[in-house]
> 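One structure is given below, represented as structure tokens, and several questions about it will come after.
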Amino acid sequence: KVILCIGYINHIKNKIDLIKLSKSLKNINVKIKIIYNNYDKNYLDKLITKIEENNLQNIMLCLDKDVILEDEILKSWLLINTSITEVSPLSLIEGNSLNKIFLSYKVGNLENFYGNITNYNLDQIIFNIRSLNNNKFFEKKFKEISMKNYLMNFTRDNCKNSFIKIIDKI
């Protein structure tokens with residue numbers, strides 16, 4: 001099972017928490033894959049050092065140009081977002097469109113994405129990953145709810161209509 005994280009690598013995106021997550025999930029068959037396209041060099045170096053120092057075999061880093069993002073989402077089990085602030089992450093909406101649920105911190109408007117799991121802290125994320133790993137019923141229900149939310153709010157036509165309503169008010 002792969003937990004996928006997509007996006008920038010910097011202090012705001014808080015990928016260091018994925019190192020902590022990786023350490024806590026060593027005893028279950030889960031890997032964390034970070035696909036990034038832009039990065040803060042010092043922060044990336046810090047991540048690599050932490051991975052090596054802890055001899056973590058269940059976490060990997062990949063440049064987005066080296067993968068087909070849609071395939072990576074389809075192959076993943078869950079998506080994760082560890083940002084300390086967020087508005088509306090397109091990668092998570094894309095994941096929902098491909099029937100994937102995501103876990104994130106309770107920041108920005110992420111709690112408005114129904115069928116996904118927002119968390120107050122890393123311990124809660126760990127608990128929820130372990131729970132989903134052992135409970136296919138809840139995983140299935142979350143996927144159903146997140147897909148319904150996607151179809152009601154984020155399809156191309158819905159976004160187009162929302163944009164037109166905004167423009168019409170100007």
Side-chain angles (χ1 to χ4, degrees), residues 1-113 115-119 121-122 124-126 128-130 132-133 139 142-143 146-147 149-150 153-156 159:
K1 292 181 177 177
V2 175
I3 299 173
L4 185 62
C5 184
I6 304 167
Y8 300 136
I9 291 183
N10 60 32
H11 71 284
I12 292 171
K13 296 303 181 181
N14 191 29
K15 303 292 193 252
I16 203 75
D17 275 7
L18 295 174
I19 302 295
K20 298 171 190 171
L21 180 64
S22 171
K23 289 160 87 172
S24 69
L25 298 177
K26 284 172 119 176
N27 64 340
I28 62 174
N29 190 22
V30 172
K31 293 187 183 296
I32 299 168
K33 189 170 198 174
I34 304 169
I35 299 176
Y36 63 98
N37 54 1
N38 198 353
Y39 58 93
D40 171 304
K41 172 101 171 79
N42 291 332
Y43 196 87
L44 177 61
D45 290 344
K46 181 179 174 181
L47 279 179
I48 292 169
T49 300
K50 292 274 186 198
I51 291 168
E52 290 172 353
E53 283 176 355
N54 290 285
N55 193 29
L56 297 172
Q57 304 299 312
N58 63 341
I59 189 166
M60 60 197 93
L61 297 161
C62 301
L63 278 166
D64 69 341
K65 68 179 184 170
D66 296 333
V67 299
I68 299 170
L69 197 53
E70 185 175 352
D71 290 347
E72 295 296 325
I73 294 171
L74 286 168
K75 290 188 291 189
S76 71
W77 173 46
L78 302 168
L79 298 178
I80 191 165
N81 178 351
T82 53
S83 295
I84 58 173
T85 184
E86 194 62 76
V87 178
S88 190
L90 295 177
S91 61
L92 300 180
I93 295 169
E94 186 176 2
N96 283 164
S97 78
L98 297 170
N99 204 31
K100 300 297 175 181
I101 59 176
F102 68 82
L103 292 99
S104 70
Y105 289 123
K106 189 174 180 141
V107 295
N109 71 345
L110 291 178
E111 64 191 32
N112 296 323
F113 286 76
N116 298 293
I117 305 168
T118 54
N119 303 270
N121 55 48
L122 186 60
Q124 209 175 30
I125 288 176
I126 293 164
N128 285 321
I129 289 171
R130 289 182 179 280
L132 286 170
N133 189 50
E139 181 182 348
F142 276 113
K143 284 183 176 183
S146 66
M147 180 56 79
N149 183 58
Y150 169 77
N153 298 302
F154 296 109
T155 61
R156 185 171 194 258
C159 290

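Computed over heavy atoms, backbone and side chain alike; hydrogens, waters and symmetry mates excluded.
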> Test side-chain contact (heavy atoms from CB on, under 4.5 Å) on Ile3 and Lys31; report intermediate values, then the result.
CA-CA 6 Å; Ile3 299 173; Lys31 293 187 183 296; over 6 Å; no
> Among residues at least two apart in sequence or on other chains, which ones pass ring-ring contact (aromatic ring centres under 6.0 Å, His included) with Tyr150?
none
> Please determine whether side-chain hydrogen bond (donor to acceptor under 3.5 Å, both in side chains) holds for the pair Asn119 and Asn128, giving the CA-CA distance in whole Å, both sets of side-chain angles, and the decisive distance to 0.1 Å.
CA-CA 9 Å; Asn119 303 270; Asn128 285 321; 2.6 Å; yes
> Please report the shortest heavy-atom distance between Asn116 and Ile101, naming the atom on each side.
OD1-CA, 3.4 Å
> What residues form a salt bridge (charged side-chain N to carboxylate O under 4.0 Å, His left out) with Lys23, not counting sequence neighbours?
none
> For residues 56-64, which side-chain donor-acceptor pairs fall under 3.5 Å, sequence neighbours excluded?
residue	atom	partner	partner atom	Å
Gln57	NE2	Asn55	OD1	2.8
Asn58	OD1	Ser22	OG	2.3
Asn58	ND2	Ser22	O	2.9
Asn58	ND2	Ser22	OG	3.4

> Could you give the distance from CG (Leu92) to OG (Ser104), rounded to the nearest 0.5 Å?
7.0 Å
> Hey, mind stepping through Leu69 and Ile35 against side-chain contact (heavy atoms from CB on, under 4.5 Å) and telling me if it holds?
CA-CA 8 Å; Leu69 197 53; Ile35 299 176; 4.1 Å; yes
> Does the side chain of Ile6 reach to within under 4.5 Å of the side chain of Ile34, using non-hydrogen atoms?
no
> For a 4.5 angstrom cut-off between non-hydrogen side-chain atoms, does Ile9 reach Asn38?
no
> Considering residues at least two apart in sequence or located in another chain, which fulfil the side chain to side chain contact (heavy atoms under 4.5 Å, CB included) criterion with Ile16?
Asn14, Ile19, Tyr43, Lys46, Leu47, Lys50
> Please assess Thr82 against Leu103 for the test side-chain contact (heavy atoms from CB on, under 4.5 Å), listing each intermediate value before the final yes or no.
CA-CA 8 Å; Thr82 53; Leu103 292 99; over 6 Å; no
> Would you say CG of Leu74 has more than 12 non-hydrogen atoms from neighbouring residues, nucleotides or ligands within 6.0 angstrom?
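Check passes, neighbour count above 12.
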> Answer yes or no: does atom CG of Asn29 have more than 12 heavy-atom neighbours from other residues, nucleotides or ligands under 6.0 Å?
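Not more than 12 within 6.0 Å, no.
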> Is there a side-chain contact between Leu44 and Ile48 (heavy atoms, below 4.5 Å)?
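Result yes, sub-4.5 Å side-chain heavy-atom pair found.
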> How long is the gap from CD1 on Ile80 to CG on Leu21, to the nearest 0.5 Å?
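Reported to 0.5 Å precision, the distance equals 5.0 Å.
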> Using the side chain to side chain contact (heavy atoms under 4.5 Å, CB included) criterion, which residues pair with Thr49? Sequence neighbours excluded.
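Here the qualifying residues are Glu53.
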> Work out which heavy atom in Ile129 is nearest to a heavy atom in Trp77; give both atom names and the distance.
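So the two residues come closest at O-CH2, 3.6 Å.
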> Could you tell me the separation between the NZ atom of Lys15 and the NZ atom of Lys20, rounded to the nearest 0.5 Å?
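Result: 14.0 Å between the selected atoms.
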> Applying salt bridge (Lys or Arg N to Asp or Glu O under 4.0 Å) as the test, list every pair that has at least one member in residues 72-93; sequence neighbours left out.
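Only Lys13-Glu86, Lys33-Glu72, Glu72-Lys75 qualify under salt bridge (Lys or Arg N to Asp or Glu O under 4.0 Å).
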> Under the rule for side chain to side chain contact (heavy atoms under 4.5 Å, CB included), what residues qualify as partners of Asn99, not counting sequence neighbours?
Lys143, Met147
> With sequence neighbours excluded, what pairs up with Lys26 under the salt bridge (charged side-chain N to carboxylate O under 4.0 Å, His left out) test?
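None.
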> So how far is it from Asp17 CG to Cys5 SG, rounded to the nearest 0.5 Å?
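Reported value, rounded in 0.5 Å steps: 10.5 Å.
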> Would you please name every residue forming a ring-ring contact (aromatic ring centres under 6.0 Å, His included) with Phe142, sequence neighbours left out?
none
> What residues form a salt bridge (charged side-chain N to carboxylate O under 4.0 Å, His left out) with Lys41, not counting sequence neighbours?
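Expected list: Asp45.
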> Nearest 0.5 Å, what's the CZ-OG distance between Phe102 and Ser91?
9.0 Å
> According to side chain to side chain contact (heavy atoms under 4.5 Å, CB included), who are the partners of Ser76, at least two apart in sequence or on a separate chain?
Leu4, Leu79, Lys100
> Name all residues meeting the ring-ring contact (aromatic ring centres under 6.0 Å, His included) criterion together with Tyr105; count only those two or more places apart in sequence or in a different chain, and write none if there are none.
none
